[in-house]
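Read through the structure below, which is laid out as structure tokens, and then see the notes.
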Amino acid sequence: MNKNNILSILWKYYGEGSDFREGQDESILSALNNKRTLVVQKTGWGKSLVYFLTTRILRDKGEGPTILISPLLSLMNNQLESAAKFNLIADSINSNNKDEWDRVVFNLLNDSVDILFISPERLGNKDFIDNVLSKIEKNIGLLVIDEAHCISDWGHDFRPDYRRIVNITKRLPKNIPLIATTATANDRVIKDIKKQLGDDLEIIRGPLTRESISIDIIKLGNQAERLAWISENLKNINGTGIIYTLTVDDTKLITSYLKNKGYEVEDYYGGLTAEERSIKESKLLNNEIKALVATVALGMGYDKADISFVIHYQKPGNVVAYYQQIGRAGRALKDSNAILLCGEEDDEISNYFINSAFPTEDEMVQVVNTVNNYEGLSQKSILSHVNMKSGRLEKCLKYLEVEGAIYKEKSKYYPTLNNWKPNMEYSKQISDIRRYELKRMNDYINSETCLMEFIAKELDDNTAHRCGKCKNCTDSRFKSNVEFKNVLDAIEFLKRNHLTIEPRKQWPTGLDLNGNGKVNILSEYRMEEGLVLCSYGDAGWGTIVRKGKYLENKFNKDLINASVNLLKEKVKEWDIDNILYVPSLKRVNLVKDFSYSIAEILKIPCHDAIIKIKDTVEQKTLENSFYQCQNVIDGFDINDNIKYLGNVLIIDDMVDSKWTFTYCTYLLRKKGIADKVYPYALAKTSGNEGRE
Ligand SMILES: Nc1ncnc2c1ncn2[C@@H]1O[C@H](COP(=O)(O)OP(=O)(O)OP(=O)(O)O)[C@@H](O)[C@H]1O
Ligand SMILES: [Mg+2]
Ligand SMILES: [Zn+2]
């Protein structure tokens with residue numbers, strides 16, 4: 001094979017006269033010469049063409065299928081379409097399609113799959129290694145590692161499962177070609193990848209400046225100003241795009257605000273079902289909507305030729321991730337906009353992510369001890385032995401598994417024979433890097449030199465140069481102020497943006513309130529869906545709630561009126577007979593006075609029915625359901641003098657785990673005091689979880 005041969009093959013699929021982008025042919029030839037090849041090229045350059053065309057050529061020569069490891073199975077559709085351009089039959093084995101595994105393996109063994117997409121998590125699954133990989137590994141034609149920076153601890157998006165790739169490459173025959181691709185590897189990361197994939201790694205590297213993106217930075221203090229900015233400016237930005245947020249809650253909030261303003265937008269995050277995601281992706285793809293409001297779940301690799309803008313609602317935690325995200329814009333356009341809205345408060349969210357990225361020593365020791373003491377526990381059962389949130393536990397288990405401290409078989413965890421000791425030095429080092437990256441992000445925002453050049457230099461691109469079109473090279477394309485009336489409007493929106501409380505349906509595993517070992521909460525003891533006025537600390541009511549609780553020890557008239565407005569129709573609809581509140585020993589009158597004031601205006605009787613029998617620790621210091629629920633059970637009871645109250649509304653200031661409401665409802669209903677029970681809280685305080 002030479003350049004001309006492969007060009008003629010490109011023509012076959014991309015049309016006569018098409019051409020390679022600088023470095024594509026070189027990369028393909030390198031792989032065809034059985035070299036392990038690392039391709040470091042800018043976003044939108046065409047790294048997938050390299051591995052798809054190489055696969056095409058190898059398959060035409062009769063070689064075995066390609067295995068592609070990608071962290072982006074959520075963007076499968078996007079990838080499948082690209083594979084189809086080369087007439088490649090692509091398939092996938094992932095956690096969403098378990099019932100198809102047999103069929104896929106059968107097809108693989110029959111040589112009727114050209115390229116198999118797998119997520120790195122698969123490599124940690126013993127079933128997959130024993131029943132799939134071991135059967136086909138001798139026959140693999142090409143191994144592809146997309147977004148290869150994830151291999152490196154130093155990469156901006158290190159994923160523990162990527163560490164397993166090294167074990168796989170060691171299993172494979174040495175002469176199997178390998179292509180690793182990334183847009184975001186600096187010298188340090190490249191060195192790291194080399195260490196893991198072998199010193200003979202061929203590196204093909206190109207300039208990273210994205211000529212078609214004009215970068216702008218607009219500093220705006222709070223959420224209300226940013227919402228106002230987007231709604232004022234979005235109509236003047238051509239084409240379709242993506243609005244990135246740091247948290248799932250914000251995708252929902254912005255979507256609802258913009259829909260209110262008449263924009264066609266949809267929210268997008270990892271927690272959606274595969275089907276919902278695919279519907280929303282195709283709406284954007286077909287230009288049926290102006291934008292997707294997304295978390296990083298719509299990040300790396302997403303390829304839509306004509307994305308003409310990327311707006312960041314907050315500042316990402318590092319410059320490289322930022323480059324990755326704005327890389328979705330201007331892929332086949334001459335010009336596009338990347339607009340970063342940012343302010344001081346963003347650091348709070350980034351710091352939260354940094355501080356919670358690794359399991360703490362205490363968490364790891366708790367988990368390892370539990371697994372040592374009770375071999376063969378499921379994740380759910382481990383939860384009742386450790387004081388951790390289930391998301392934290394999942395992270396910790398993954399980490400310990402990759403560390404070799406424990407192993408998983410058929411959803412149960414067992415100790416390994418390794419003499420494992422927590423290595424905190426390692427996580428401290430990585431967290432320090434993350435803090436440094438956040439500092440660089442702040443340097444970037446305050447930089448007065450070319451912004452694109454700043455990013456390219458950050459990635460050690462020695463061709464970095466002035467872009468001539470960013471905010472610092474020329475003038476800002478957008479105004480940086482917003483109209484006061486629009487800010488007020490956004491504040492009003494935030495104030496109206498109340499949330500719901502979904503009733504819990506299960507007790508934590510290990511707490512046998514039913515007395516029969518079952519965890520479901522009997523429907524006659526459950527609460528109903530309730531309401532929350534705001535998110536704690538937000539720019540609407542959230543800051544006023546914070547002030548009331550921690551500075552004034554009183555919830556003011558505005559909060560009383562806002563609650564009454566929210567509740568006055570509801571209490572009729574719910575047919576509320578009486579109002580109760582959740583007492584506190586620390587702030588005896590805070591919620592009590594507030595509740596009596598509301599009850600008086602609503603003309604519904606209020607009672608001191610729930611009593612606090614013990615000063616329990618604050619719920620927020622307890623990490624998981626088992627401990628939180630136990631804490632509530634120890635802390636509350638019902639006043640013996642209280643008689644039947646009909647349908648009740650229970651008021652509390654904060655809601656997080658929902659155990660207080662859930663358990664008080666249980667008591668009230670079990671004792672025959674209440675029929676239906678509706679919860680109402682001033683603020684929801686859950687942390688900044690749910691990044692994707
Ligand atoms: N030689 C080429 N000629 C024309 N179009 C091309 C060529 N190479 C790639 N493309 C197109 O460029 C687009 C971007 O390609 P691709 O998604 O592979 O980028 P990437 O390098 O993987 O970027 P990212 O780092 O963002 O994942 C695709 O739509 C692809 O069809
Ligand atoms: Mg890609
Ligand atoms: Zn510039």
Side-chain angles (χ1 to χ4, degrees), residues 3 6-7 9-11 13-28 39-54 68-72 75 78-86 117 144-150 156-157 179-185 204-217 242 285 296 298-307 310 320-321 323-333 337-338 444 447-457 459 464-477:
K3 286 194 178 195
I6 60 170
L7 185 63
I9 300 171
L10 178 73
W11 282 19
Y13 299 98
Y14 262 50
E16 222 163 287
S18 56
D19 204 354
F20 285 115
R21 292 181 178 157
E22 170 101 38
Q24 283 181 325
D25 42 1
E26 196 190 335
S27 307
I28 294 169
V39 181
V40 184
Q41 297 281 358
K42 65 184 158 199
T43 51
W45 172 82
K47 292 179 283 292
S48 53
L49 181 140
V50 169
Y51 51 72
F52 287 140
L53 198 62
T54 308
L68 182 144
I69 302 167
S70 159
L72 300 161
L75 298 175
N78 203 230
Q79 292 259 34
L80 288 177
E81 270 169 45
S82 316
K85 280 192 200 153
F86 295 93
F117 295 81
V144 178
I145 306 167
D146 200 10
E147 309 295 352
H149 56 271
C150 297
H156 64 90
D157 193 19
I179 299 175
T181 62
T182 174
T184 49
I204 295 172
R205 199 168 174 179
L208 299 178
T209 297
R210 288 289 314 275
E211 312 287 349
S212 66
I213 303 177
S214 158
I215 306 180
D216 213 327
I217 296 176
I242 303 172
L285 215 55
V296 288
L298 188 77
M300 285 190 280
Y302 181 69
D303 184 42
K304 177 181 194 278
D306 59 351
I307 292 281
V310 168
V320 178
Y323 174 72
Q324 182 73 255
Q325 286 155 22
I326 65 173
R328 302 314 105 209
R331 288 161 87 89
L333 298 174
N337 292 293
Y444 170 78
S447 146
E448 284 169 8
T449 58
C450 173
L451 294 167
M452 186 59 90
E453 186 179 8
F454 185 108
I455 299 177
K457 280 189 175 158
L459 285 161
H465 59 273
R466 268 173 59 89
C467 75
K469 61 196 302 187
C470 74
K471 160 189 150 243
N472 291 344
C473 283
T474 71
D475 273 344
S476 188
R477 292 181 181 183

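Every number for a ligand or one of its atoms is a count from 1 in the order of the listing.
Residue contacts with ligand 1: Met300 is excluded, as none of its non-hydrogen atoms falls under 4.0 Å. By the 4.0 Å heavy-atom criterion, Ala305 is excluded from the residues contacting ligand 1.
Atoms of ligand 1 lying under 4.0 Å from any heavy atom of Asp19, numbered from 1 in the order shown and given with element: 1 (N), 2 (C), 3 (N). For ligand 1, the atoms sitting less than 4.0 Å from at least one non-hydrogen atom of Lys85 are 31 (O), numbered in the order shown with element in parentheses.
By heavy-atom distance, the residue among Ala332, Ser48, Gly301 lying nearest atom 18 (O) of ligand 1 is Ser48. In this comparison of Arg210, Glu81, Lys47, Gln79, the heavy atom closest to atom 21 (O) of ligand 1 sits on Lys47.
Closer than 2.8 Å to the Zn ion (ligand 3) sit the protein N, O or S atoms Cys450 SG, Cys467 SG, Cys470 SG, Cys473 SG.
Both the backbone and the side chain of Thr43 come within 4.0 Å of ligand 1, counting heavy atoms alone. Contacts between Arg331 and ligand 1 below 4.0 angstrom, taking non-hydrogen atoms only, involve the side chain exclusively. Contact annotation for Tyr302 and ligand 1: no heavy atom of the residue comes within less than 4.0 Å of the ligand.
Polar contact with ligand 1: absent for Ala183 (N/O pair, distance under 3.5 Å). The shortest N or O to N or O distance between Gln41 and ligand 1 is not under 3.5 Å.
Judged purely by atom type and a 3.5 angstrom limit, Lys47 uses its side chain to pair as donor or acceptor with the backbone of Gln41.
For atom 8 (N) of ligand 1, the nearest non-hydrogen atom of the protein is Gln24 NE2, 2.9 Å.
Note on ring orientation: taking the six-membered ring where Trp is involved, the planes of Tyr13 and Phe86 are tilted (angle from 30° to 60°).
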